[in-house]
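All remarks here apply to the structure that follows.
The structure displayed is predicted, hence computed values, not measured ones. The figures that follow rest on heavy atoms only: side chains count, while hydrogens, waters and symmetry mates do not.
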Amino acid sequence: MHSRQNILFLTHRVPFPSNKGDKIRTFHQMEYLAARHNVYCACFVDRPADRVHAIALRQWCKGVIAIPWDRRTAIRRAVKGFWKGRSLTCAAYDDPTMWHHLREWARAIQFDAVTAFSGCMAPYAWAFPAGRRILDLCDIDSRKWHDYAGDSLFPLSTAYRAEGRRLAAFERRCADHFDSTIVATPRERELIDPEQRQRTLYIVPNGVDLPALPPEPPSANPPIVTFVGAMNYRPNVDGVLWFVRRVWPRIVQATPDARFVMVGADPALLVRRLSRFKNIVVTGEVPGVQPYLRASRVVIAPMPIVRGIPNKVLEAMAMARPVVGTPGVAAALGAQSGRHLMTGESPEAFADHVIALLTDSKQCDRIAAAGYRFVDIHYCWKDALTDYERAVAGPAISAARPSVLLQRASNSARSAVGVR
């Protein structure tokens, strides 16, 4: 048990509602801390709809700073910073209004700890006067940029590769200087600390909420294949396009009455165009994904790049729906292919697994039940959040680090981490 502390919670998006990957993680973290500590949340509002959600944060938090984040302004900052040798990611979120409001909080409140979600918020935490500084890197953004570089043409490949190098160097410096650094999976820990030398680097996975009542067996559903995820996120877009072009025709040939439903906000233009096919549905943003998962026979996860924990796959397994994914999905979850879910790398193998689950009721229900048991055992929010609080609150905390005003700290930290 920890005494009640003042904790600054920094995140690059409004952590409510918990309807997408990063917000699922940050909402549960914020909610858990707020039940035990005095949480002050500072975040950016990157969608107009989230303005009202930022106001709703006050039911959990003692104070809220919610700064509008304009994509065009962020791009200008990122490009300007990149030419000066800074990270695109950090420069895009280097906002003078956020610095101003954080300085005001630092003058008025003595904080025991500051915890930042993702590398783009780390400079604020680095500069902030608090007893402890914690960074949740979650899924190592630098690796995403390296992956993009390998899958892009010049000159983007060169820019992406440079961003990957700069961000990786920054992440390593954070691991050296923050009191605790958190990642979501053992694979991410290996990426940032291959020599296992860090003593303050922790693995805190995500969890999943099981439904109050066990779902009906998936074999009772019609042949509906579902994908759930943000439809403007590049790995998701690449994955569903690959599936529709290379895999789906094989499935329809074997099961002509099959339907493919894509559920997720902000579908990219190429995704929206897929809805012109009669057996494909693109929903756009929906109030909740559970009804779509419940109506599914099979859920797919064809992402070519998998970083961190694919939350929507956990949700599908928690709804007792069999999943067919790429090998990276199984590796990210620590799940066993052929037991907890099915995996296929080639179009032929992926299609064969989906067809089998659509046509073989016994196998369909067996994989679904095994996946359900797997997440029930290994992805419990209570266990994950208990570990998270230990990393944030730590042992008994002395008074917040004195003597350095936030203005001075912010200047030196920005210089150290390449933010300004």
Side-chain angles (χ1 to χ4, degrees), residues 210-211 213-229 236 238-264 271 274-283 289-304 306 310 312-333 335-376:
L210 298 176
L213 297 175
E216 293 293 321
S219 62
N221 289 336
I224 297 175
V225 179
T226 301
F227 175 86
V228 177
N236 290 350
D238 290 347
V240 297
L241 291 177
W242 173 82
F243 178 79
V244 170
R245 293 166 180 169
R246 304 289 304 280
V247 181
W248 186 240
R250 301 171 188 272
I251 295 171
V252 173
Q253 185 176 12
T255 54
D257 55 342
R259 292 174 62 224
F260 179 40
V261 180
M262 284 171 276
V263 182
V271 174
L274 298 176
S275 62
R276 68 179 183 266
F277 298 106
K278 65 177 183 179
N279 55 0
I280 295 180
V281 176
V282 180
T283 69
V289 301
Q290 284 74 20
Y292 293 90
L293 292 174
R294 192 178 293 274
S296 302
R297 169 96 175 201
V298 179
V299 176
I300 62 163
M303 295 83 74
V306 182
K312 298 306 182 183
V313 174
L314 289 182
E315 291 183 11
M317 297 170 80
M319 290 294 293
R321 294 300 176 258
V323 173
V324 180
T326 54
V329 171
L333 295 176
Q336 184 178 339
S337 178
R339 181 181 178 187
H340 307 120
L341 75 172
M342 308 299 291
T343 62
E345 195 160 18
S346 69
E348 296 82 4
F350 207 100
D352 287 346
H353 289 315
V354 174
I355 293 168
L357 294 171
L358 291 176
T359 58
D360 185 336
S361 295
K362 185 175 180 180
Q363 182 181 2
C364 179
D365 291 344
R366 176 179 62 81
I367 296 294
Y372 180 89
R373 290 193 297 270
F374 175 77
V375 297
D376 185 26

Worksheet, complete the sentence: In this structure, CG of Leu333 is separated from CG of Leu314 (nearest 0.5 Å) by 5.5 Å
Item to complete: Taking all non-hydrogen atoms of both residues into account, name the closest pair between Pro217 and Asp365 and its distance.
Response: CB-OD1, 3.6 Å
Fill in: Check: Pro310 and Met303 side chains under 4.5 Å, non-hydrogen atoms
yes
Worksheet, complete the sentence: In this structure, NZ of Lys362 is separated from CD1 of Ile367 (nearest 0.5 Å) by 12.5 Å
Worksheet item: Do Arg297 and Ser361 have side chains that get closer than 4.5 Å, going by heavy atoms?
Response: yes
Worksheet item: Just wondering, do Val298 and Val324 contact through their side chains at under 4.5 Å, heavy atoms?
Response: yes
Discussion item. Between Gln363 and Met342, is there a side-chain heavy-atom distance shorter than 4.5 Å?
Written reply: yes
Discussion item. Is the shortest side-chain heavy-atom distance between Ile300 and Val240 below 4.5 Å?
Written reply: no
Fill in: Over all atoms of both residues, closest heavy-atom pair of Asn221 and Arg294
ND2-O, 2.9 Å
Response to the item:
d(Leu210 CG, Met317 CE) to nearest 0.5 Å is 11.5 Å
Item to complete: Measure across Ala368 and Ala320 and return the closest heavy-atom pair with its distance rounded to 0.1 Å.
Response: CB-O, 3.2 Å
Fill in: Beyond-backbone contact of Pro327 with Ser337, side-chain heavy atoms, under 4.5 angstrom
no
Discussion item. Looking at every heavy atom in both Ser219 and Cys364, which two are closest together, and how far apart are they?
Written reply: N-SG, 4.1 Å
Worksheet item: What's the shortest heavy-atom distance between Phe243 and Pro302, and which atoms?
Response: CB-CG, 4.2 Å
For residues 247-263, which side-chain donor-acceptor pairs fall under 3.5 Å, sequence neighbours excluded?
unit_1 : atom_1 : unit_2 : atom_2 : d
Arg250 : NE     : Arg246 : O      : 3.3
Arg250 : NH2    : Glu348 : OE2    : 3.2
Thr255 : OG1    : Ile251 : O      : 2.8

Worksheet entry | Pairwise distance CE(Met319) to OH(Tyr372) - rounded to 0.5 angstrom | 9.5 Å
Worksheet entry | Closest heavy-atom pair and its distance - Val313, Ala301 | CG2-CB, 3.6 Å
Worksheet item: Just wondering, do Ser296 and Val225 contact through their side chains at under 4.5 Å, heavy atoms?
Response: no
Item to complete: Look up atom CD1 in Ile224 and atom CZ in Arg321, then write down how far apart they are to the nearest 0.5 Å.
Response: 10.5 Å
